[in-house]
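So that the names make sense, note that chain A is the first sequence line, chain B the second, and so on, each numbered from 1. Please read these numbers as outputs of a predicted model, since none were measured by experiment.
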There are 2 protein chains.
Amino acid sequence: MTTRDPQATALARLAGLIADETRAMCLLALLDGRAWTAGELARHAGVADSTLSEHLCRLVAGGLLAEERQGRHRYVRLADARVAQLVEDLAAQVGPADRAVRPRSLRESSAGSAMARGRTCYDHLAGRLGITVTDALTARGLLEQETGFALTDAGLAWFEAAGIGLERRGRRPLARACLDWTERRPHLAGVAGAALCRHALDAGWCVRIGSERAVKVTATGERALFDLLGVDAAALR
Amino acid sequence: MTTRDPQATALARLAGLIADETRAMCLLALLDGRAWTAGELARHAGVADSTLSEHLCRLVAGGLLAEERQGRHRYVRLADARVAQLVEDLAAQVGPADRAVRPRSLRESSAGSAMARGRTCYDHLAGRLGITVTDALTARGLLEQETGFALTDAGLAWFEAAGIGLERRGRRPLARACLDWTERRPHLAGVAGAALCRHALDAGWCVRIGSERAVKVTATGERALFDLLGVDAAALR
DNA sequence: CGGATCCTTCGGCCGCCGCCGAAGTGTCCC
DNA sequence: GGGACACTTCGGCGGCGGCCGAAGGATCCG
């Protein structure tokens with residue numbers, strides 16, 4: 001009673017925001033980096049609109065989500081890359097979703113394996129696709145993984161040559177490791193990871209499947225990844 | 001009801017373990033990297049022994065803590081470096097403790113500023129001390145922070161020359177950034193951070209103050225840090 | 001052996017919080 | 001304007017979980 005620790009209070013409050021299955025489902029869904037409407041999230045989580053509305057209020061008040069009102073819609077997305085990283089870290093800690101182990105239905109099963117093949121992780125690539133690209137960068141000496149996690153000079157040049165701009169803004173690190181929860185290995189995140197993902201989508205290297213986080217590599221993408229990084233297309237399947 | 005997502009369930013459950021002020025106080029206290037007895041934690045948190053005992057059971061069952069029974073004592077510590085990192089990340093997200101801003105008492109105030117000067121963060125150095133060392137490593141070209149966070153070749157040689165062994169075991173990264181919650185900037189963690197901290201304590205560069213996480217740089221330490229890294233002693237005060 | 005210490009189990013209390021449906025507000029479209 | 005739509009507010013319900021104190025092991029020490 002008398003000895004309240006403000007840091008502990010804040011920590012508990014932050015964790016409390018995530019410590020609810022419905023809110024957790026929302027945060028995981030929002031890891032696709034896009035904005036969802038309140039109604040979409042309610043249907044996704046399987047609760048009443050009213051219930052989800054309250055959850056959103058708490059998440060926004062807690063600084064985890066940013067909202068944008070447009071007409072009668074309330075769009076909501078993860079507040080920033082820091083929050084995304086936090087959710088990713090927590091998700092990685094609990095391990096791969098059981099869904100991959102014992103799928104309930106064919107639809108979930110195929111959705112699960114599509115997610116395992118390739119997906120976005122907030123704003124960068126993840127799944128087998130993300131790991132493959134990260135490994136290829138490392139094998140070519142563009143990314144240092146032995147002594148930490150950083151782009152090499154050759155790596156900076158590679159991004160330059162590929163026409164992928166790396167904007168240094170704020171304190172976000174250029175390269176950062178994000179633990180992949182299907183592969184259990186780190187993949188490239190940070191400014192470089194985001195730029196690479198954005199370029200991959202813009203240049204048609206991969207396209208989103210369905211309405212969630214899964215992505216699929218196109219024929220164009222296979223060629224580009226082979227030409228630029230020597231990635232064998234078979235590794236992506 | 002029908003659409004339970006196992007990953008969301010696990011995520012919520014993990015967060016739920018942290019989402020209690022008493023348990024949060026325990027986790028933060030255990031960030032000193034040492035083992036505490038159940039009774040110590042109970043007094044620290046200001047709750048009954050019985051209450052804390054239950055909390056410990058949940059934390060151990062949830063995999064956040066490891067326990068070791070010795071006679072009538074139950075020693076408990078953070079399960080591993082991953083858990084420590086998780087707690088650190090969450091703590092960094094909520095920002096510096098208000099205690100630094102508006103101290104309640106002289107004792108807390110001086111304890112707070114000692115923590116801000118230098119402390120351990122699970123198994124590596126943090127606070128102004130940690131930041132100063134990290135900056136010195138970076139300034140000397142031993143640590144790369146521009147394009148990520150990794151030791152350079154010169155950095156590996158420096159550790160070798162200083163007689164600080166870097167054991168590569170498991171998948172723990174050699175160098176990793178840990179966000180400092182007093183300085184709001186990254187400091188060196190990972191295998192290298194742990195080895196450096198251990199060496200600093202073993203060699204008498206710094207000593208623990210009181211029973212918590214704060215450490216103080218000794219005269220020996222000031223000399224060593226100046227000789228090896230060119231650190232100005234004034235920066236540590 | 002007896003007392004002290006440390007921890008755990010149990011029962012009971014209380015408050016918080018997630019849930020819903022119904023009613024209300026604001027926005028869009030025809 | 002009127003109706004459909006998206007979201008919010010409110011009241012009420014139910015359950016979970018944190019808290020305590022008392023009692024019950026377990027261990028150590030003299």
Side-chain angles (χ1 to χ4, degrees), chain A residues 1-5 8-30 35-62 64-77, chain B residues 1-5 8-30 35-62 64-77:
Chain A
M1 303 295 162
T2 72
T3 56
R4 279 260 176 88
D5 177 345
T9 309
L11 177 55
R13 223 147 53 106
L14 172 60
L17 287 177
I18 311 175
D20 172 85
E21 183 164 352
T22 300
R23 286 195 295 267
M25 283 187 77
C26 293
L27 292 170
L28 288 171
L30 289 164
W36 292 50
T37 67
E40 282 168 347
L41 285 171
R43 282 186 294 277
H44 176 72
V47 298
D49 287 355
S50 57
T51 300
L52 203 113
S53 176
E54 289 169 5
H55 284 309
L56 289 188
C57 286
R58 297 189 58 171
L59 289 170
V60 169
L64 294 188
L65 300 188
E67 70 179 359
E68 217 167 313
R69 310 249 177 177
Q70 272 181 28
R72 54 188 170 185
H73 291 278
R74 177 195 206 176
Y75 285 96
V76 69
R77 57 186 159 72
Chain B
M1 304 295 167
T2 73
T3 56
R4 279 262 176 86
D5 178 345
T9 308
L11 177 55
R13 223 145 54 106
L14 172 60
L17 287 177
I18 311 175
D20 173 85
E21 183 163 352
T22 300
R23 287 195 295 268
M25 283 187 77
C26 293
L27 293 170
L28 289 171
L30 289 164
W36 292 49
T37 67
E40 284 169 346
L41 285 172
R43 282 186 295 277
H44 176 73
V47 297
D49 286 356
S50 58
T51 301
L52 204 112
S53 175
E54 289 168 6
H55 284 308
L56 289 188
C57 286
R58 296 189 58 171
L59 289 170
V60 169
L64 294 189
L65 299 187
E67 69 179 359
E68 215 166 315
R69 310 251 177 175
Q70 274 182 26
R72 54 187 169 186
H73 292 278
R74 177 194 206 176
Y75 285 97
V76 70
R77 57 185 161 73

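At least one side-chain nitrogen or oxygen of Thr22(A) sits closer than 4.0 Å to the OP1 or OP2 atom of dC19(C).
Counting to the nearest Å, the C1' atom of dC17(C) and the CG atom of Leu59(A) are 14 Å from each other. The interatomic distance linking Leu41(A) (CG) with dG18(C) (C1') rounds to 17 Å, in whole Å. In this entry the distance linking CG of Asp20(A) with P of dC16(C) reads 17 Å, nearest Å. Look at CZ on Arg13(B): it is 11 Å from P on dG17(D), rounded to the nearest Å.
Between Ala38(A) and Leu52(A), the closest heavy-atom pair is O-CD2, 3.5 Å. Here the closest heavy-atom approach between residue Ala35(A) and residue Arg77(A) is recorded as CA-CB, 4.0 Å.
Nearest to the side-chain atoms of Val47(A) among the listed nucleotides dG18(C), dG18(D), dC20(C) stands dC20(C).
Test Leu17(B), Val76(B), Leu30(B) against Leu59(B) for side chain to side chain contact (heavy atoms under 4.5 Å, CB included) and you get one pass: Leu17(B).
For Ala15(B), the side-chain contact (heavy atoms from CB on, under 4.5 Å) partners two or more places apart in sequence, or in a different chain, are Ile18(A), Ala19(A). By the side-chain contact (heavy atoms from CB on, under 4.5 Å) test, Arg13(A) pairs with no residue at all, sequence neighbours left out. Residues forming a side-chain contact (heavy atoms from CB on, under 4.5 Å) with Glu40(B) (at least two apart in sequence, or on another chain): Trp36(B), Thr37(B), Arg43(B).
Atom NE2 of residue His55(A) and atom CG of residue Leu27(A) lie 11.0 Å apart, to the nearest 0.5 angstrom. Atoms CG and CZ, from Leu41(A) and Arg23(A) in turn, are 13.5 Å apart once rounded to the nearest 0.5 Å.
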For residues 64-74 of chain A, which side-chain donor-acceptor pairs fall under 3.5 Å, sequence neighbours excluded?
{"residue": "Glu67(A)", "atom": "OE1", "partner": "Arg74(A)", "partner atom": "NE", "Å": "2.7"}
{"residue": "Glu67(A)", "atom": "OE1", "partner": "Arg74(A)", "partner atom": "NH2", "Å": "2.9"}

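Each of Ala19(A) and Gln70(A) was assigned the nucleotide of DNA chain C with the nearest heavy atom; the assignment lying further toward the 5' end belongs to Ala19(A). The nearest heavy atom of DNA chain C to Gly16(A) and to Gly71(A) marks one nucleotide each, and the one closer to the 5' end goes with Gly16(A).
For the helix from dC1(C)-dG30(D) to dC30(C)-dG1(D), the end axes, each set by the C1' atoms of five terminal pairs, are bent relative to each other by 30° (nearest 10°).
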Open item on the list: Using a 4.0 Å heavy-atom cut-off to protein, can you give one letter per nucleotide of nucleotides 4-11 of chain D, 5' to 3': B if the base is in contact, S if only the sugar-phosphate is, - if neither?
Closed with: BBSSBBB-
